[in-house]
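Position 1 is the first residue of the sequence, and the numbers go up from there. In this text the structure is predicted, and so the values were computed from the model without any measurement. Below, each value reflects all heavy atoms present in this structure, side chains not excepted, and no hydrogens, waters or symmetry copies.
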Amino acid sequence: MRRPTATRPRLFASLLAAAAVVLAGALTASPAQAANLLADPGFESGSTTWACDAAQVVGSSVRSGTKALQSTAGASSIGKCTVSVPVQPGTSYTFSAWVRGSYVYLGATGAGSTWTSSPGQYTQLTTAFTTGASQTSAEVYVHGWYGQGDFWIDDAVLDGPPGEGDGDGDGDGDGGEDPGTPDPRLADNALIGYLHTSFANGSGYIRLDDVPAEWDVINLAFGEPTTPTSGDIRFSLCPAAECPNVESKAEFIAAVDRKQAEGKQVLLSIGGQNGQVQLTTAAARDAFVNSVSAVIDEYGLDGLDVDLEGHSLYFNAGDSDFRNPTTPVIVNLISALKSLTAKYGEDFTLSMAPETFFVQVGHQFYGGTSAGDNRTGSYLPVIHALRSELDVLHVQDYNSGPVMGLDGQYHNMGGADFHIAMTDMLKAGFQVANTGQFFPGLREDQIAFGLPAAVSAGNGYTPPAQVHQALDCLTSGANCGGYTLRGGPSPDLRGLMTWSINWDRYYGWEFMDSHRPYLDGM
């Protein structure tokens, strides 16, 4: 047996001394964890700086303290509450809150979200996100779901280093900042039309020089791939046998220059009904970038319109997060469009013309998660990934079945109601099917809606008076016919798109003559 030594008492004394040093440091040093960036997280002041659809601070159903925030999700509202705070770029943050009620969602706009189904008592929801490289503000939110009644929020925490400014990144105290900026080259209240450039389609060929000056943006229909999976996009003028009055390529390029000198934009539109574009490989992605660039450069065009229909976009099974898609045809298209917008910079206009099936129907069914059609909602990850570069989204409000809006009702094409409900979804954002994720709305200047120019142009023709009612409602909140705008009025709505300029001429320019003066007067 070894004889005890004096080591143990000396060790004990040393530990006591070390503990004293640690304690002293704890009493004087700043805490390592970042402070809560949300003021009055428990709403104990009796009021709130959160912006809510309809909410109040209450003294019942609280988790801690004496107050909580109560909101209500009614038949036409999700009771959304948001708050914007200054943050640091490229930094990780965690947002959490204790919630009580049926179907309560928590998230950060443009980032992640989480939800709980029907808690009878308070449940803590938490989501993490990382700010963008130049992001200086973040908006966090809590909301319920339509018709589910009251829900409560308490003890909210946004954990991370504080930023500078007023919380919206621009120093003006208005409490919000959308990604990207409006394209100054695009006309306000724009009239946008497709020009049958490579075919006549029964409506007759129109030379580019003969397109009236009322049209602000002319989308050349269409650039198409050599095969569906090649990515090699080709564009050519209509054959003379089909279009006897077709101009030469040199005359066409000169006409592009003249339109641009008048302040118009001329874009290459890819896809259409027959042009299936499936970028299944990296090689197809690269071929797409190179071939589209070649057409734009050859004809001196202003940018690209993405009109992919049919089976161009779809989800592989399990691709359930629109913020992080995994299906090659979607991932490669996003990468290709990012490359093109980066190559041309601010002088490049990007527009998209999806059908409702690929956008708004994603509110009910999301192709990567359901047993139904794997194409539903497949434009959502593309729009979301390009929301900073996207100049105009003009969904085709035609050739569509009934679509459920944010009011929980089905809307049918052909009247003001359809255009109001479908466009409001793009501004307000919407829950994506059964994914537990919220698709954030777009800036109002990024949004237009598309219509057939005449009865022969497509199903869903809307009489001019009904179009004007929709514009009244969407831009001012008036004349909505009983529908409540979830996204609020959009006075800077970009305008109208039509298929097509050729069909409009065939029917005596009803679309142009009805809507150009109305847009000018908005």
Can you find a pair of side-chain heavy atoms, one from Ile192 and one from Leu496, that are under 4.5 Å apart? no

Applying ring-ring contact (aromatic ring centres under 6.0 Å, His included) as the test, list every pair that has at least one member in residues 379-408; sequence neighbours left out. Phe322-His384

Measure the shortest side-chain to side-chain distance between Leu304 and Val292 over non-hydrogen atoms and say whether it is less than 4.5 angstrom. yes

Taking the side chain as every heavy atom from C-beta outward, state whether Val382 and Leu337 have any pair of such atoms under 4.5 Å apart. yes

Strictly distance-based, threshold 3.5 Å: is any side-chain N or O of Gln431 a donor or acceptor partner for the main-chain N or O of Gln437? yes

To check you understand the geometry: which heavy-atom pair defines the closest contact between Leu390 and Arg443, and what is its length? O-NH2, 4.4 Å

Establish, yes or no, whether the cationic atom of Lys67 lies under 6.0 Å from the six-membered ring centre of Phe43 and within 45° of the ring axis. no

Side-chain contact, heavy-atom cut-off 4.5 Å: Asp305 with Ile270? no

What is the distance from atom CG of Asp154 to atom CG of Leu69, rounded to the nearest 0.5 Å? 9.0 Å

Over all heavy atoms of both residues, which pair between Pro228 and Pro225 is shortest? Give the atoms and the distance, please. CA-CG, 4.4 Å

Spatial distance of atom CG (Leu106) from atom CG (Leu125) [nearest 0.5 Å]: 5.5 Å

With the side chain counted from C-beta on, respond yes when Thr376 and Phe357 share a heavy-atom pair under 4.5 Å apart, and no when they do not. yes

Any chance you could measure Asp407, atom CG, to Leu485, atom CG, to the nearest 0.5 Å? 11.0 Å

Stepwise ring-ring contact (aromatic ring centres under 6.0 Å, His included) test for Trp145 and Tyr103: CA-CA 6 Å; Trp145 197 242; Tyr103 293 99; 8.4 Å; no

Could you tell me whether Asp188 and Arg494 have a side-chain N and a carboxylate O separated by less than 4.0 Å? yes

Those residues that, when tested against Tyr344, pass ring pair (Phe, Tyr, Trp, His ring centres under 6.0 Å) (two or more places apart): Phe348

Check step by step if side chain to side chain contact (heavy atoms under 4.5 Å, CB included) holds for Asn219 and Val217. CA-CA 6 Å; Asn219 293 330; Val217 181; 3.8 Å; yes

Suppose the criterion is ring-ring contact (aromatic ring centres under 6.0 Å, His included): which pairs have a residue in residues 416-435, not counting sequence neighbours? His363-Phe430, His419-Phe449, Phe430-Phe439

Any donor-acceptor pair under 3.5 Å linking the side chain of Asp216 with the backbone of Leu191? yes

Kindly say whether Thr349 contributes a backbone atom to a donor-acceptor pair with the side chain of Asp302 at under 3.5 angstrom? no

Test side chain to side chain contact (heavy atoms under 4.5 Å, CB included) on Gln88 and Gln135; report intermediate values, then the result. CA-CA 7 Å; Gln88 295 183 13; Gln135 184 177 352; over 6 Å; no

Just wondering, do Thr136 and Val87 contact through their side chains at under 4.5 Å, heavy atoms? no

Would you give the length of the straight line joining atom CG of Asp159 to atom OH of Tyr93, rounded to the nearest 0.5 angstrom? 10.0 Å

Minimum-distance pair of heavy atoms, taken over all atoms of Thr66 and Glu44: OG1-OE1, 2.8 Å

Are any non-hydrogen side-chain atoms of Leu267 and Ser351 less than 4.5 angstrom apart? yes

Student check: side-chain heavy atoms of Pro354 and Gln396 closer than 4.5 Å: no

Could you tell me whether a side-chain N or O of Thr498 sits under 3.5 Å from a main-chain N or O of Leu451, the two making a donor and an acceptor? yes

Do Trp499 and Phe222 have ring centres separated by under 6.0 Å? yes

Output, in order, the C-alpha distance, side-chain angles, deciding distance and verdict of side chain to side chain contact (heavy atoms under 4.5 Å, CB included) for Val277 and Val306. CA-CA 10 Å; Val277 180; Val306 183; over 6 Å; no

How far apart are the C-alpha atoms of Ile334 and Leu386, what are their side-chain angles, what is the distance that settles it, and do they pass the side chain to side chain contact (heavy atoms under 4.5 Å, CB included) test? CA-CA 7 Å; Ile334 291 171; Leu386 275 299; 4.0 Å; yes

